[in-house]
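Working notes, beginning with the structure itself.
Hydrogens, waters and symmetry mates are skipped; everything else that's a heavy atom, side chains included, is used. Because the structure is predicted, anything quoted here is derived from the model rather than measured.
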Amino acid sequence: MKIKLNNISEYISSSTKPLVIAGPCSAESNMQMLSTAKELVKTNTHIFRAGIWKPRTRPNSFEGIGTPALEWMNNVQKETGLKVITEVANSSHVDQILKHNIDMIWIGARTVGNPFAIQEIVDSLKGVDIPIFIKNPLNADLNLWLGAIERFYNAGFKNIIAIHRGFFSYGVQKYRNLPQWQLPVELKRLIPDLPIICDPSHIAGNRTLINEISQTALDLNFDGLMIETHIDPINALSDKEQQLSPIQLKELLENLVVRSHSVTNKDTASSLRDLRSQIDKLDDKLINVLQDRMDLAQLIGIDKKTNDITILQPERWKYVLEDRLKKGVAKGLSDEFIILLLRAIHQESINIQTRVMNSNK
Ligand code: PEP
Ligand code: MN
């Protein structure tokens with residue numbers, strides 16, 4: 001089926017999911033682009049991606065080819081029939097992509113964090129009807145992501161698709177960017193009609209994790225995937241650890257399981273209902289336990305206030321985190337989950353104790 005550019009969400013829901021965008025992190029040469037694209041035609045790829053303007057986190061590494069690479073994009077369009085997409089970060093990029101009939105654009109994580117830049121792009125796209133893909137910002141701030149999407153909606157753009165690419169976090173961990181799946185899930189709850197795709201490459205930072213992240217995304221009902229693919233990944237000029245070869249992409253796409261999101265079988269429906277009612281009961285208990293815990297935090301807050309002791313006791317917090325982490329992991333819970341949960345609980349205790357400290361009693 002041909003992609004309908006003026007209504008990508010209709011295309012996504014009526015075509016076979018997932019929508020697949022693939023292509024290199026960066027355009028490096030006409031040869032690299034064409035040879036990658038020609039191999040991608042043999043996979044389920046619908047749209048060819050390549051970054052043209054690539055300011056990296058630190059300068060002095062490859063920073064993209066710039067405008068000349070747009071002609072290579074046009075060669076991909078002509079020679080493969082694939083639609084093409086690139087990243088824009090300002091109005092001069094928009095001028096250039098319009099001049100070169102690039103089919104669609106994405107807005108990168110760094111740009112989405114800057115409302116000035118977003119507004120500039122919105123203004124420069126006035127009257128243009130192309131699909132606009134909006135990545136999440138680097139920091140796990142749902143409002144910033146929503147804000148960028150709303151700027152486009154408010155200006156009358158309808159062809160908007162979100163891209164989940166993970167969130168920056170300090171320290172070395174399994175992922176280059178934490179998935180924090182609850183954020184895109186919340187975005188989908190707030191704007192149910194907004195299509196959302198996952199970029200497992202930038203979440204993973206490493207090609208061995210792309211399969212598992214892609215499958216998770218499909219199981220969370222994402223509409224598609226954007227996967228960095230290079231004809232010669234290990235010699236790529238940017239993001240070489242995370243790029244797949246076209247053959248690896250083909251294999252990955254063939255192995256993905258696309259599951260149905262509706263329950264039609266009666267037995268399944270009844271067993272789901274039963275398990276969910278057990279979950280409901282446990283959640284009620286959980287809320288009661290949390291409330292008891294916060295009541296204790298409040299009593300401790302009163303003691304701290306009476307005795308002029310600071311709210312944060314780093315030794316105690318260190319002990320709580322390490323102790324619960326050890327116990328949680330021993331029970332098979334992931335350390336990522338335990339840390340997130342404990343941080344949230346700890347923050348709420350701090351909030352409660354701050355209110356105690358600031359009260360006049
Ligand atoms: C990219 O897709 O190549 C890119 C730079 O992504 P992000 O903006 O998510 O870092
Ligand atoms: Mn990249």
Side-chain angles (χ1 to χ4, degrees), residues 9 12-14 16-19 136 140-143 145-146 149 161-167 174-175 177-200 203 209-225 255-297 320-321 324-349 351-352:
S9 55
I12 292 176
S13 49
S14 60
T16 45
K17 269 212 263 186
L19 177 84
N136 65 258
D141 180 349
L142 183 58
N143 278 332
W145 197 5
L146 269 172
I149 294 164
I161 307 92
I163 306 181
H164 168 46
R165 51 81 75 207
F167 302 91
K174 175 174 168 188
Y175 301 107
N177 290 288
L178 294 182
Q180 304 231 30
W181 294 104
Q182 75 281 6
L183 275 111
V185 166
E186 177 64 1
L187 181 68
K188 191 75 192 167
R189 190 184 69 82
L190 293 172
I191 318 181
D193 291 335
L194 174 72
I196 177 160
I197 69 169
C198 177
D199 166 354
I203 293 176
L209 294 171
I210 293 180
N211 207 336
E212 118 189 10
I213 299 167
S214 303
Q215 185 62 57
T216 303
L218 293 195
D219 288 335
L220 292 175
N221 211 14
F222 276 60
D223 300 288
L225 299 165
N255 287 326
L256 284 177
V257 188
V258 183
R259 299 182 166 98
S260 154
H261 70 273
S262 53
V263 189
T264 45
N265 179 299
K266 267 197 180 148
D267 290 345
T268 315
S270 125
S271 113
L272 275 181
R273 215 174 311 120
D274 178 49
L275 292 169
R276 283 180 175 153
S277 100
Q278 293 184 49
I279 292 238
D280 290 346
K281 287 193 191 107
L282 281 182
D283 281 353
D284 287 346
K285 273 196 196 165
L286 210 54
I287 287 181
N288 287 334
V289 169
L290 286 171
Q291 190 203 0
D292 289 348
R293 197 186 189 288
M294 293 310 158
D295 287 349
L296 289 173
V320 169
L321 191 60
R324 306 328 182 235
L325 195 56
K326 201 164 68 202
K327 289 176 178 155
V329 169
K331 293 248 180 212
L333 300 169
S334 78
D335 45 6
E336 188 191 347
F337 167 64
I338 300 281
I339 291 171
L340 265 177
L341 181 69
L342 281 170
R343 279 193 186 144
I345 291 175
H346 187 234
Q347 185 58 54
E348 183 65 4
S349 303
N351 295 346
I352 287 172

Any side-chain heavy-atom pair of [X] and [Y] under 4.5 Å:
X	Y	answer
Leu272	Val263	yes
Leu325	Ile339	yes
Leu341	Leu333	no
Ile213	Cys198	yes
His164	Asn177	no

Distance-minimising heavy-atom pair for [X] and [Y]:
X	Y	result
Pro18	Gly224	CB-CA, 3.7 Å
Pro200	Leu225	CD-CD2, 4.4 Å
Ser214	Leu256	CB-CD2, 3.9 Å
Ile197	Phe222	C-CD2, 3.5 Å

Measuring from atom [atom1] of [X] to atom [atom2] of [Y], what distance do you get when rounded to the nearest 0.5 angstrom?
X	Y	atom1	atom2	result
Leu194	Arg189	CG	CZ	14.0 Å
Ile149	Leu187	CD1	CG	4.5 Å
Asn265	Ser260	CG	OG	11.0 Å
Asp219	Trp181	CG	CH2	9.5 Å
Ile287	Leu282	CD1	CG	11.5 Å
Leu190	Glu186	CG	CD	4.5 Å

Keeping [X] on the side-chain end and [Y] on the backbone end, is there a donor-acceptor pair under 3.5 Å?
X	Y	value
Thr268	Thr264	no
Asp223	Ile196	yes
Asn136	Gly166	yes

Salt bridge (Lys or Arg N to Asp or Glu O under 4.0 Å) partners of residues 325-336, not counting sequence neighbours, each pair once: Asp323-Lys327
Of all pairs that satisfy salt bridge (Lys or Arg N to Asp or Glu O under 4.0 Å), the ones with a partner from residues 268-290, not counting sequence neighbours: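 Those involving residues 268-290 do not exist here.
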Qualifying residue for side chain to side chain contact (heavy atoms under 4.5 Å, CB included) with Glu348, from Met294, Arg293, Arg343: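 Output: one option passes, namely Met294.
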side-chain hydrogen bond (donor to acceptor under 3.5 Å, both in side chains) evaluation trace for Gln215 with Asn211: CA-CA 6 Å; Gln215 185 62 57; Asn211 207 336; over 6 Å; no
Partner residues of Lys174 under the side chain to side chain contact (heavy atoms under 4.5 Å, CB included) criterion, sequence neighbours left out: Leu209, Glu212
CD1/Ile279: more than 12 non-hydrogen atoms of other groups inside 6.0 Å: no
